[in-house]
2 protein chains.
Amino acid sequence: MVTKAAPDATTRAADRVLGLLRVVCEHDGVKLADAAKELSLSASTALRLLRTLEANGFAARLADGLYRPGYRMVQLGVQALSHDALVAASRPALRALVAGTGESAYLSVAAGQTHGLYLAIEEGTQSVRHINWVGRTFPLAGSAAGAVLAGQVEPGSFITVAEGVEPDTTAVAAPVTAGGAVVAALSVVAPSYRATGEYARTVGPIVAAEASRLFATPAAVAGRTKEDHGHRNFAP
Amino acid sequence: MVTKAAPDATTRAADRVLGLLRVVCEHDGVKLADAAKELSLSASTALRLLRTLEANGFAARLADGLYRPGYRMVQLGVQALSHDALVAASRPALRALVAGTGESAYLSVAAGQTHGLYLAIEEGTQSVRHINWVGRTFPLAGSAAGAVLAGQVEPGSFITVAEGVEPDTTAVAAPVTAGGAVVAALSVVAPSYRATGEYARTVGPIVAAEASRLFATPAAVAGRTKEDHGHRNFAP
DNA sequence: CATTGGCATTTCATTACTTGAAACCATCAT
DNA sequence: ATGATGGTTTCAAGTAATGAAATGCCAATG
């Protein structure tokens with residue numbers, strides 16, 4: 001059981017600097033005035049806090065005057081990623097999907113109301129394969145993984161989307177659940193020219209099985225079996 | 001030119017909460033008393049700030065009472081990673097290394113005084129290949145990439161380490177420089193049984209060439225040619 | 001069972017730090 | 001030159017942040 005933080009026991013200045021950190025990371029370059037406006041802060045307050053982020057390496061201000069994530073964010077973020085239970089648990093499943101289908105396999109989670117985010121990737125083995133990267137975001141609307149993350153796919157089943165948010169690709173996705181909640185999507189993406197005929201009917205059950213198995217095999221979460229991942233929700 | 005933050009223009013509470021965020025992310029579970037001690041804060045102050053991190057999703061306190069990185073850290077961290085100029089620039093080089101050697105290729109940066117961190121990975125194409133993951137840390141001492149990051153390898157050349165920090169592997173690494181400083185290491189890691197005879201003499205120059213080329217080809221940093229990466233230093 | 005030690009959490013008086021409005025500065029377009 | 005926009009600095013006010021001390025909780029031990 002995750003202990004809940006007391007709702008009123010936060011520190012205002014700390015809240016504010018963390019809010020700015022989120023704003024900076026969610027934009028590919030944000031200017032002072034926009035960051036301040038987004039959090040309803042005065043420009044001088046936002047400037048001071050952004051300077052604090054800079055001094056601690058969490059943000060960087062480049063020549064164009066825009067603030068971007070600093071090296072600390074990358075460093076600590078990917079370290080956190082590598083220790084993440086969901087990502088660790090997904091690795092065997094992703095490898096199995098590549099081995100079983102030859103196509104690229106992904107783990108993704110919701111990131112905000114409208115987008116998802118790729119957290120873990122195993123590339124396919126074919127010469128022509130879908131290419132992707134950790135950290136890339138995609139629209140929930142119109143994508144197979146998006147439908148899964150929006151709760152539109154029953155656990156144990158799968159969805160196929162051809163020519164969804166990316167041209168010339170066909171995606172098959174299934175929900176990863178923990179404690180009855182959808183916490184991630186497991187998906188396989190192939191060039192559409194290869195995803196013909198019985199493709200979905202062949203690949204779908206494989207993806208759904210791996211997704212169902214993700215938190216059902218104690219060995220897949222070795223060392224962390226006592227944690228209740230149902231409370232690990234990546235959506236805000 | 002990166003504008004430097006004024007050294008004395010930070011906000012104390014914000015500094016402190018960011019320091020705690022760093023501490024939480026650098027440990028695989030830290031307890032309140034240790035986090036407080038590490039930053040010389042009183043326990044009550046640390047508790048309040050850790051609760052602020054929790055409330056904002058940057059930290060999570062699980063049943064064992066230890067604080068760990070929260071979903072926000074993973075989410076924003078990997079988004080920052082995906083937008084990172086160094087990682088973006090390395091992608092073609094990593095792919096070229098895999099295409100040219102068949103072995104797994106990595107981009108890594110220094111993370112602290114004693115360790116490095118894998119930021120980008122392209123897996124080799126062989127059935128038996130080196131396996132790794134984004135966010136994994138490795139000791140600088142005794143590793144090929146570590147020697148590079150410690151400045152022990154001339155730009156344009158390479159280093160080979162057999163049976164270094166990982167058994168049964170041979171690593172070849174070369175420095176990525178920007179503005180005259182070593183900002184990252186590009187490396188190829190193979191099972192030692194394949195890295196025999198002329199392996200290093202064949203692979204070394206390929207790695208060194210790709211590393212040298214990383215910030216020398218305008219096309220590799222499309223859209224960001226105006227930034228001076230020499231000031232983008234990932235080491236603390 | 002009671003006691004002890006270690007750690008977490010709450011309380012509260014103090015004041016230092018945070019804040020935002022206003023003034024000032026810098027840049028660019030007309 | 002002027003005006004608009006955005007960034008930066010200044011400073012007075014008061015509240016938010018703080019840490020010491022008290023209290024609570026839990027596990028280990030006798």
Electrostatic pair A:E54-A:R51, nearest N-O below 4.0 angstrom: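 No.
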How long is the line joining [atom1] of [X] and [atom2] of [N], in whole Å?
X: A:R48; N: D:dA17; atom1: CZ; atom2: C1'; result: 15 Å
X: A:E54; N: D:dG7; atom1: CD; atom2: P; result: 13 Å
X: A:L39; N: C:dG20; atom1: CG; atom2: C1'; result: 16 Å
X: A:L50; N: D:dT9; atom1: CG; atom2: P; result: 14 Å
X: B:L66; N: C:dC7; atom1: CG; atom2: P; result: 12 Å
X: A:D15; N: D:dA17; atom1: CG; atom2: P; result: 9 Å
X: A:L41; N: C:dA21; atom1: CG; atom2: P; result: 12 Å
X: A:R16; N: C:dT18; atom1: CZ; atom2: C1'; result: 9 Å

Contact nearer the 5' end of DNA chain D, comparing B:L49 with A:G65: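 Final value for this comparison: A:G65.
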Given DNA chain D, 5'-ward residue of the pair B:S44 and A:L32, judged by closest heavy atom: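 Looking at DNA chain D, the more 5' nearest nucleotide goes with A:L32.
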Non-hydrogen side-chain atoms of A:V109 and B:Q75 separated by less than 4.5 Å: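 Counting from C-beta outward, A:V109 and B:Q75 never come under 4.5 Å.
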Sugar-phosphate, base or nothing in reach of A:A13, heavy atoms under 4.0 Å: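 Counting heavy atoms under 4.0 Å across all strands, the contact made by A:A13 is with sugar-phosphate only.
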Touch class at under 4.0 angstrom, heavy-atom based, for A:T11 against every strand present: sugar-phosphate
Aromatic plane relationship, A:Y106 with A:H130 - under 30° parallel, 30 to 60° tilted, over 60° perpendicular: perpendicular
OP1 or OP2 of [N] under 4.0 Å from side-chain N/O of [X]:
X: B:R12; N: D:dA16; answer: no
X: A:K31; N: D:dG6; answer: yes
X: B:R51; N: D:dA17; answer: no

Closest listed nucleotide, where the reference is the side chain of B:L47 and the choices are C:dT19, C:dT10, D:dT18: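 Given the options C:dT19, C:dT10, D:dT18, the side chain of B:L47 is closest to C:dT10.
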Among D:dG19, C:dC7, C:dG20, the nucleotide that comes nearest once only the side chain of B:T45 is considered: D:dG19
From A:E122 atom CD to A:L97 atom CG, the distance as rounded to the nearest 0.5 Å: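 Output value for this atom pair is 9.5 Å.
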Minimum-distance pair of heavy atoms, taken over all atoms of A:A89 and A:L214: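 That closest heavy-atom pairing would be O-CD1, 3.2 Å.
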